[in-house]
Amino acid sequence: MTTDAFGLGRLEYVDNIRTIWKHEAINFTPWLAENIDVLGQELGLQLTVQGHEVPVGDFRLDIQATDEHGRVVLIENQIEASDHSHLGQLIVYASGIGASVIVWVAARVREDHRSALEWLNSNTPPNVSFFAVEVGVVKIGSSPPAPALKVVAEPNDWRKAVRASSGTISTLTQQRMAFFERVFDDLAVSYPVIHRPSVQPENWSSFAAGPFGNYSLTFSKIGLRVEIYLSVGTAELTSRLYEKLLSSKTSIEASLGFPLKWELLDGKQASRLAIYRDDVNFDDQESVAEAVAWSARRVKALHHSLDHDLRTLAAQIKAQPAAGGGSA
């Protein structure tokens, strides 16, 4: 592989993605359902597949999912350029299943279709969001091909949130949303591996979801929390992932350079690895800036040290529920 003076190769796009996925329904849709976290990362949502090829009247929806807010997510795929018929299908399917998030995935999204989705985002109820995502395949030299997804149309979440609340979002909620945006601004420059999520009017913002769960920034009752939220589908599987990680607690915390709170959440199908600090004083801009920098550093450390092992272990536990496997 040819590299430049900095050791960097050249990213190349595979001209025809049908060399990878020959058939949309037989190959691409099942692949996307199995690897839904790839799409979720681009959208900034934690997606859980509920089914694919879902009957809606006389037709079949490619993928139906839910996000971390419990909203119904509709995903319609094309492995060619977007067309008018699929735009109509999106509307029909959305009304048929009561979808709040509508995602159109295509090899190329035509400009008139982008404009149509932007118009829908501006003129539909604030709890309904339309996305368009272009899918491609890339490689560097002789490396294995990899999927490349890019959001090309999306709602203005801040404007939607304000409309949803009729202008009644509290000052504290606005301050927290602005705080999350500043952390993701920092990460976009210093650690662009993490895709920017959609910030919602909540006291938390989750991101970088995978088969293990997701990462999250949370304003809790006891302070600001940066965490890895473990959720593998069932309490039993999540507990096994938690115990596997806990067995390597010493080496994990040594690699991070700071201790974690290991929280097995009773009665929930989830667990948590977290670090806390005092709540943010939004009246003190120096305090806010310090908390933003602290949060970004902790996110980078957790993701850099643990993300690969988290994804590997969770996939192994899901695939072999009787045996587990892997090491942290």
Side-chain angles (χ1 to χ4, degrees), residues 32 36-50 54 56 59 61-78 80-136 148-170 173-174 176-178 180-181 184-185 188 195-202 204-207 209:
L32 186 60
I36 198 66
D37 60 300
V38 176
L39 177 61
Q41 286 184 26
E42 290 300 320
L43 298 174
L45 298 172
Q46 182 183 345
L47 300 177
T48 301
V49 172
Q50 302 299 317
V54 178
V56 182
F59 303 96
L61 165 65
D62 287 336
I63 298 175
Q64 182 174 335
T66 55
D67 70 1
E68 68 271 29
H69 304 284
R71 298 179 297 182
V72 176
V73 180
L74 175 164
I75 303 165
E76 187 66 11
N77 304 319
Q78 287 185 266
E80 62 270 330
S82 60
D83 58 39
H84 286 358
S85 64
H86 277 78
L87 177 58
Q89 287 171 227
L90 287 174
I91 306 301
V92 172
Y93 294 160
S95 64
I97 66 172
S100 295
V101 180
I102 298 94
V103 184
W104 190 359
V105 179
R108 182 176 67 84
V109 179
R110 288 173 35 174
E111 189 59 38
D112 52 344
H113 294 147
R114 294 190 201 186
S115 296
L117 296 187
E118 290 172 359
W119 183 88
L120 287 166
N121 276 323
S122 297
N123 292 278
T124 52
N127 62 332
V128 177
S129 299
F130 290 83
F131 294 85
V133 178
E134 290 187 337
V135 59
L149 279 68
K150 179 182 179 182
V151 177
V152 296
E154 61 185 330
N156 182 315
D157 290 308
W158 184 278
R159 185 169 64 243
K160 285 265 187 179
V162 172
R163 287 171 57 204
S165 64
S166 301
T168 59
I169 290 181
S170 71
T173 297
Q174 293 184 47
R176 288 172 171 176
M177 291 177 72
F180 294 146
E181 293 286 5
F184 296 129
D185 285 344
H195 296 277
R196 190 186 199 97
S198 300
V199 173
Q200 304 291 330
E202 309 281 357
W204 51 271
S205 183
S206 63
F207 52 95

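We're numbering straight along the sequence, starting at 1.
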Show your reasoning for whether side-chain contact (heavy atoms from CB on, under 4.5 Å) applies to Ile91 and Leu120. CA-CA 10 Å; Ile91 306 301; Leu120 287 166; 4.0 Å; yes
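- By the 4.5 Å heavy-atom criterion applied to side chains, Trp104 and Leu87 are counted as neighbours.
- Counting only distance, with no hydrogens or angles, the side chain of Asn77 and the backbone of Val105 share no donor-acceptor pair below 3.5 Å.
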Check the pair Ile75 / Asp62 against side-chain contact (heavy atoms from CB on, under 4.5 Å), numbers first and verdict last. CA-CA 6 Å; Ile75 303 165; Asp62 287 336; 5.7 Å; no
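- One distance of note links CG of Asp67 with CD of Gln200; it measures 8.0 Å at 0.5 Å rounding.
- Heavy-atom minimum distance, Val49 versus Ala65: CA-CB, 4.0 Å.
- One finds the CG atom of Leu74 at 12.5 Å from the CZ atom of Phe131 (value rounded to the nearest 0.5 Å).
- Residues Leu61 and Glu76 come closest through the heavy atom pair CD1-OE1, 3.7 Å.
- In terms of heavy atoms, Ser206 sits closest to Pro197 at O-CB, 3.5 Å.
- Residues Gln89 and Phe59 fail the side-chain proximity criterion, which asks for heavy atoms closer than 4.5 Å.
- Classification of the His113-His84 ring pair by plane angle, with boundaries at 30° and 60°, yields perpendicular.
- Distance CD/Gln50 to CD/Gln64: 7.0 Å, rounded to 0.5 Å.
- Separation of atoms CZ (Arg108) and CD (Glu134) is listed at 8.0 Å; rounding is to 0.5 Å.
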Between Arg176 and Glu202, is the side-chain contact (heavy atoms from CB on, under 4.5 Å) condition met? List the steps. CA-CA 8 Å; Arg176 288 172 171 176; Glu202 309 281 357; over 6 Å; no
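- A pairwise comparison of heavy atoms in Asn121 and Pro155 identifies ND2-N, 3.5 Å as the closest pair.
- In summary, of the residues considered (Thr48, Leu45, Leu47), a side-chain contact (heavy atoms from CB on, under 4.5 Å) with Thr66 occurs for Thr48 alone.
- Rounding to the nearest 0.5 angstrom, the gap separating the OG1 atom in Thr173 from the CE atom in Met177 is 8.0 Å.
- Between the CG atom of Leu32 and the CG atom of Asp37 there is a distance of 9.5 Å, given to the nearest 0.5 Å.
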Start with the C-alpha distance between Val133 and Glu154, add both sets of side-chain angles, then the distance that settles side-chain contact (heavy atoms from CB on, under 4.5 Å), and finish with yes or no. CA-CA 9 Å; Val133 178; Glu154 61 185 330; over 6 Å; no
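- Using a 4.0 Å cut-off between a side-chain N of Lys or Arg and a carboxylate O of Asp or Glu, Arg110 and Asp83 do not qualify as a salt bridge.
- Using a distance-only test at 3.5 Å, with no hydrogens or angles considered, no donor-acceptor pair links the side chain of Arg71 to the main chain of Val128.
- Here the closest non-hydrogen pair linking Leu90 and Val103 is CD2-O, 4.2 Å.
- Across every non-hydrogen atom of Ser82 and Val109, the tightest pair is OG-CA, 3.5 Å.
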